[in-house]
Amino acid sequence: DHLKATNELGLPLTGIGLFYHHGYFTQELDLRGRQQEFFPRLDPEAISLTKVDGVRISVDIAGVPVSASIWEAKVGRIALYLLDTNVEENDDDHRLITDRLYGGAKEERIRQEILLGIGGTRALSALDLTPQVFHINEGHAGFSALERIRALVVDDGLSFSEAKAAVRPSSVFTTHTPVPAGIDRFPRDLMERYFSGWCREVGVGFDDLMELGHEPGTADGEEFNMAVMSLRLAGQTNGVSQLHGEVSRQMFAAVWPELPVEEVPITAVTNGVHA
């Protein structure tokens, strides 16, 4: 819907996602009315995807370099690029990162979000695309901001605080979730396993990273909240309806303790469905 609308409005946009080989499940009801789920394997060429030849990206997954190929889908004039770890250079475990949507526990989730956020940002560079604005759709792509910070520190010589300040104006965050239970949170040990290398590259302590995702009112350094990190690293944030904007301002008010709830800087853009 988003890409179709963008195409018809003539706006310049590039989509980034993951190619899930078994997608999201198909469901049927049995004779007793119980839901049965099936995960049919998707044929990329049968759903009009084209392999981007000669382009690979690599991400660090807990110290292991994991490769991904890129598929392209055209939605009118808009390109959607999908990353795929089911390639010969990866072991069986890492090939399954893009096996299915919502398929596993927190460890699979953090791997998918590293691939989407960090790998997606690297895919744009590999494709010679230089967007002026990065849209983080829910917290799932939030690690894209960390990759942009890393690149500014490593490639351009900025300090950590300078890189954060540079990334924020060109980042937009949309939160979709009206309940705290729907937000991705990762425990400290999992973050340490997957982001110790990032901290070394950027030259910051691990606690500095954990502080970015610390939800006010919770224990310091114990849990990393993807939505809170995205709020802190975005120049603009919106909910997906006027009422959801109100709910979000209440949910995340503690991130801005100096402001009354009605002044929390979360606006609203009502979700639409393409006709």
_Within this structure, what is the CG-CE distance for the pair Leu146 and Met229, rounded to the nearest 0.5 Å?_
5.0 Å

*Where the side chain of Thr85 meets the backbone of His94, is there a donor-acceptor pair that is under 3.5 Å apart?*
yes

_Thr98 and Gln112 side chains, donor-acceptor separation under 3.5 Å_ = no

*Do you know which two heavy atoms are closest between Ala141 and Ile136, and how far apart they sit?*
C-CG2, 3.8 Å

*Could Lys4 and Glu8 be called an ion pair, given the rule that one side-chain N must be under 4.0 Å from one carboxylate O?*
no

_ILVMFWY network linking Leu209 to Val255, side-chain heavy atoms under 4.5 angstrom_ = no

_Reported OG-to-NE2 distance for the pair Ser144 and His135, which is rounded to 0.5 angstrom_ = 10.5 Å

*asked:* Restricting to non-hydrogen atoms, name the atom on Ser230 and the atom on Gly142 that form the minimum distance, rounded to 0.1 Å.
replied: OG-CA, 3.8 Å

*Side-chain donor or acceptor of Arg95 paired with backbone N/O of Val87 under 3.5 Å*: yes

*Should Glu88 and Arg56 count as an ion pair when the cut-off is N to O under 4.0 Å?*
yes

*Please check if the side chain of Thr175 supplies one atom and the backbone of Asn238 the other of a donor-acceptor pair under 3.5 Å.*
no

*Do Glu138 and His176 meet the criterion of a side-chain donor-acceptor pair at a distance under 3.5 Å?*
no

*So, do Glu113 and Met226 sit near enough that their side-chain heavy atoms are less than 4.5 Å apart?*
yes

*asked:* Would the distance check show the side chain of Lys106 and the main-chain N or O of Arg185 forming a donor-acceptor pair, the cut-off being under 3.5 Å?
replied: yes

*asked:* Within a 6.0 Å radius of atom CG on Asp92, are there more than 12 heavy atoms belonging to other residues, nucleotides or ligands?
replied: no

*Working to the nearest 0.5 Å, report the span between CD1 of Ile97 and CD1 of Ile114.*
8.5 Å

*Write down the atom of Gly119, the atom of Ile57, and the distance for their closest heavy-atom approach.*
CA-CD1, 3.7 Å

*Does one side chain, of Asn137 or Thr174, offer a donor that lies under 3.5 Å from an acceptor on the other?*
no

*Looking at Phe206, Phe186, Phe143, which hits ring-ring contact (aromatic ring centres under 6.0 Å, His included) with Phe195?*
Phe143

*Following the transitive rule for hydrophobic clusters with a side-chain heavy-atom cut-off under 4.5 Å over Ile, Leu, Val, Met, Phe, Trp and Tyr, establish whether Leu127 and Phe19 coincide in one cluster.*
no

*List the atom of Pro131, the atom of Leu124, and the distance in Å for their closest heavy-atom pair.*
CG-CD1, 3.8 Å

_Donor-acceptor pair, distance only, cut-off 3.5 Å: does the side chain of His2 make one with the backbone of Thr6?_
no

*Please examine the side chains of Arg109 and Glu107, heavy atoms only from C-beta on, and report whether any two atoms are closer than 4.5 Å.*
no

*Taking C-beta and beyond as the side chain, do Thr237 and Thr267 meet within less than 4.5 Å on heavy atoms?*
no

*Is the closest basic N to carboxylate O distance between Lys51 and Glu45 below 4.0 Å?*
no

_Test item: Glu192 side-chain N/O and Asp189 main-chain N/O as donor-acceptor pair under 3.5 Å_ = no

_Exam field: side chain Arg188 to backbone Glu223, donor-acceptor pair closer than 3.5 Å_ = no

*Between Asn90 (side chain) and Ser67 (backbone), is there a donor-acceptor pair under 3.5 Å?*
yes

_Between CG on residue Leu18 and CZ on residue Arg100, distance to nearest 0.5 Å_ = 15.0 Å

*asked:* Is the shortest side-chain heavy-atom distance between Leu116 and Ile16 below 4.5 Å?
replied: yes

*What about the rings of His22 and Tyr20, do their centers lie closer together than 6.0 Å?*
no

*Shared hydrophobic cluster for Phe160 and Val167 (ILVMFWY, side-chain gaps under 4.5 Å)*: yes

*Consider only side-chain N and O atoms of Arg77 and Asn7, and report whether a donor and an acceptor are under 3.5 Å apart.*
yes

*Would a hydrophobic clustering, with Ile, Leu, Val, Met, Phe, Trp and Tyr connected at side-chain separations under 4.5 Å, put Ile47 with Trp71?*
yes

_Test item: side-chain donor near acceptor, His21 and Asp84, under 3.5 Å_ = yes

*Taking the side chain as every heavy atom from C-beta outward, state whether Ser241 and Val269 have any pair of such atoms under 4.5 Å apart.*
no

*asked:* Is it true that, when you exclude Gln132 itself, more than 12 heavy atoms of the residues, nucleotides or ligands shown sit nearer than 6.0 Å to its CD?
replied: no

*Please name the pair of heavy atoms, one in His274 and one in Ala5, separated by the smallest distance, quoted to 0.1 Å.*
CD2-N, 3.8 Å

*Decide whether a cation-pi geometry holds between Arg148 and Phe134; the criteria are a distance under 6.0 Å from NZ or CZ to the six-membered ring centre and an angle within 45° of the ring axis.*
yes

*asked:* I'd like to know if the side chain of Arg122 pairs up with that of Ser58 as donor and acceptor (distance under 3.5 Å, no hydrogens or angles considered).
replied: no

*asked:* Using every non-hydrogen atom in the two residues, find where Gly139 and Phe173 come nearest and quote the distance to one decimal.
replied: N-CE1, 3.7 Å

*Answer yes or no: is there a side-chain heavy-atom contact under 4.5 Å between Phe39 and Asp99?*
no

*Please say whether more than 12 non-hydrogen atoms of neighbouring residues, nucleotides or ligands are located less than 6.0 Å from CD in Glu72.*
yes

_Exam field: side chain Ser196 to backbone Arg193, donor-acceptor pair closer than 3.5 Å_ = no

_Donor + acceptor pair across side chains of His214, Asp220 (<3.5 Å)_ = yes

_Heavy-atom side-chain contact between Glu262 and Arg249 under 4.5 Å_ = no

_Applying a strict under-4.5 Å side-chain criterion to I, L, V, M, F, W and Y, I'd like to know whether Leu115 and Leu101 cluster together._
yes

*Looking at CG of Asp208 and SG of Cys199, how far apart are the two atoms once the value is rounded to the nearest 0.5 Å?*
7.5 Å

_Regarding Glu108 and Arg111, does a basic nitrogen lie under 4.0 Å from an acidic carboxylate oxygen?_
no

*asked:* Measuring from atom CE of Met251 to atom CG of Leu231, what distance do you get when rounded to the nearest 0.5 angstrom?
replied: 9.0 Å

*asked:* Looking at Arg150 and Glu201, is any side-chain nitrogen of the basic one under 4.0 Å from a carboxylate oxygen of the acidic one?
replied: yes

*Okay, side chain of Asp156, backbone of Leu158: is any donor-acceptor separation there less than 3.5 Å?*
no

